[in-house]
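None of the values given here were measured: they were computed from a predicted structure. Order of the sequence lines sets the chain letters (A, B, ...), proteins ahead of strands, with each chain counted from 1.
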Amino acid sequence: MRKQQREAILALLEETYMGTETALNYSTPFELLVAVIMSAQCTDERVNKITARIFPKYNTPEKMGALSQEQLEEEIRDCGLFRSKAKNLLATCKMLTEEYNSVIPDTVEELMKLPGVGKKTANVVASIVYKVPAIAVDTHVFRVSHRLGLAKGDDPLAVEKELQKAIPKNKWSDAHHWLIWHGRKICKARKPLCSECVLVELCPYKEKNL
DNA sequence: AACTCGGGGCA
DNA sequence: TGCCCAGAGTT
């Protein structure tokens with residue numbers, strides 16, 4: 001890919017990701033954490049449907065933690081892996097209330113201590129909620145980066161390094177957020193919505209898809 | 001580093 | 001129907 005094209009994509013991306021209304025725009029850190037945990041192997045639509053229904057009722061670790069395993073399973077039944085997610089969510093709520101005074105931790109290290117929260121989830125929450133500079137390469141970030149030609153590496157760690165090199169550090173958090181959102185809503189694994197993509201003119205991948 | 005887990009989505 | 005997959009946890 002030409003350097004100019006790459007620069008243009010980065011510039012447009014930077015213009016775009018600031019202030020984009022994203023799918024991960026939840027009103028509290030707790031809600032974001034819950035949504036991200038539920039998002040694994042689950043479509044955006046399903047997660048949104050569930051969160052819209054349950055957050056008015058259970059929007060704090062105390063309230064959600066007061067549910068039984070069966071009750072929470074029933075609430076999140078529509079998303080994949082709901083049994084283990086319910087179990088992890090309850091344990092996480094309990095830990096948050098008992099050990100963290102119901103405040104979502106602001107470091108990757110602390111976040112990863114929560115049950116069901118691994119490297120990816122911890123990085124997403126830290127970077128989106130607390131603007132910790134991080135770009136954790138999940139499948140969405142991996143796919144979008146390759147399609148846009150921002151990275152060539154064939155493993156997530158290589159892609160992470162390429163992105164970190166290409167993007168100024170003070171933009172990592174916003175770029176991370178945007179790449180995830182874009183991968184979930186527009187640049188989907190199957191049937192990407194190229195006609196709705198702000199980068200379509202510059203994207204090398206669109207030619208294959210259109 | 002390799003394996004397991006569980007359920008949605010697709011051929 | 002059977003295979004794949006994302007990400008966390010386990011060995």
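To the nearest angstrom, P of B:dG8 lies 10 Å from NZ of A:K85. Atom CG in A:N88 sits roughly 12 Å away from atom C1' in B:dG6 (whole-Å rounding). Computed from coordinates, the A:R143 CZ to C:dC4 P distance equals 19 Å when rounded to whole Å. Residue A:L114 contributes atom CG, which lies 18 Å from atom P of C:dG7 at whole-angstrom precision. Per the geometry, CG belonging to A:D155 stands 14 Å off C1' belonging to B:dA1, to the nearest Å. Atom CD1 in A:I37 sits roughly 12 Å away from atom C1' in C:dG7 (whole-Å rounding). A:K87 has its NZ atom 16 Å from the C1' atom of B:dG7, to the nearest Å. One atom, CZ of A:F82, and another, P of C:dG7, lie 20 Å apart when rounded to the nearest Å.
For B:dG8, neither phosphate oxygen OP1 nor OP2 lies less than 4.0 angstrom from any side-chain nitrogen or oxygen of A:R46. Listed pair A:T121 / C:dA8 meets the phosphate criterion, a side-chain N or O lying under 4.0 Å from OP1 or OP2.
By the side chain to side chain contact (heavy atoms under 4.5 Å, CB included) test, A:Q71 pairs with A:L67, A:S68, sequence neighbours left out.
Using a 4.0 Å heavy-atom criterion, one finds that A:D138 contacts the sugar-phosphate atoms exclusively.
In the set B:dC10, B:dG6, C:dG7, B:dC10 carries the atom at the smallest distance from any side-chain atom of A:R190. Listed nucleotides C:dG7, B:dG6, B:dC10 differ in distance to A:T139; the shortest reach to its side chain belongs to C:dG7. The side chain of A:Q41 lies closest to B:dG7 when the candidates are C:dG7, B:dC10, B:dG7.
Between the side chain of A:T92 and the main chain of A:P115, a donor-acceptor pair closer than 3.5 Å is present.
Between A:W172 and A:H176, the gap from one ring centroid to the other reaches at least 6.0 Å.
Both A:T43 and A:S84 lie near DNA chain B, and the one whose nearest nucleotide falls closer to the 5' end is A:S84.
For the residue pair A:S102/A:E62, the side-chain donor-acceptor check at 3.5 Å is satisfied.
Ion pair A:E160/A:K119 flagged as a salt bridge, since at least one NZ, NE, NH1 or NH2 atom sits closer than 4.0 Å to an Asp/Glu carboxylate oxygen.
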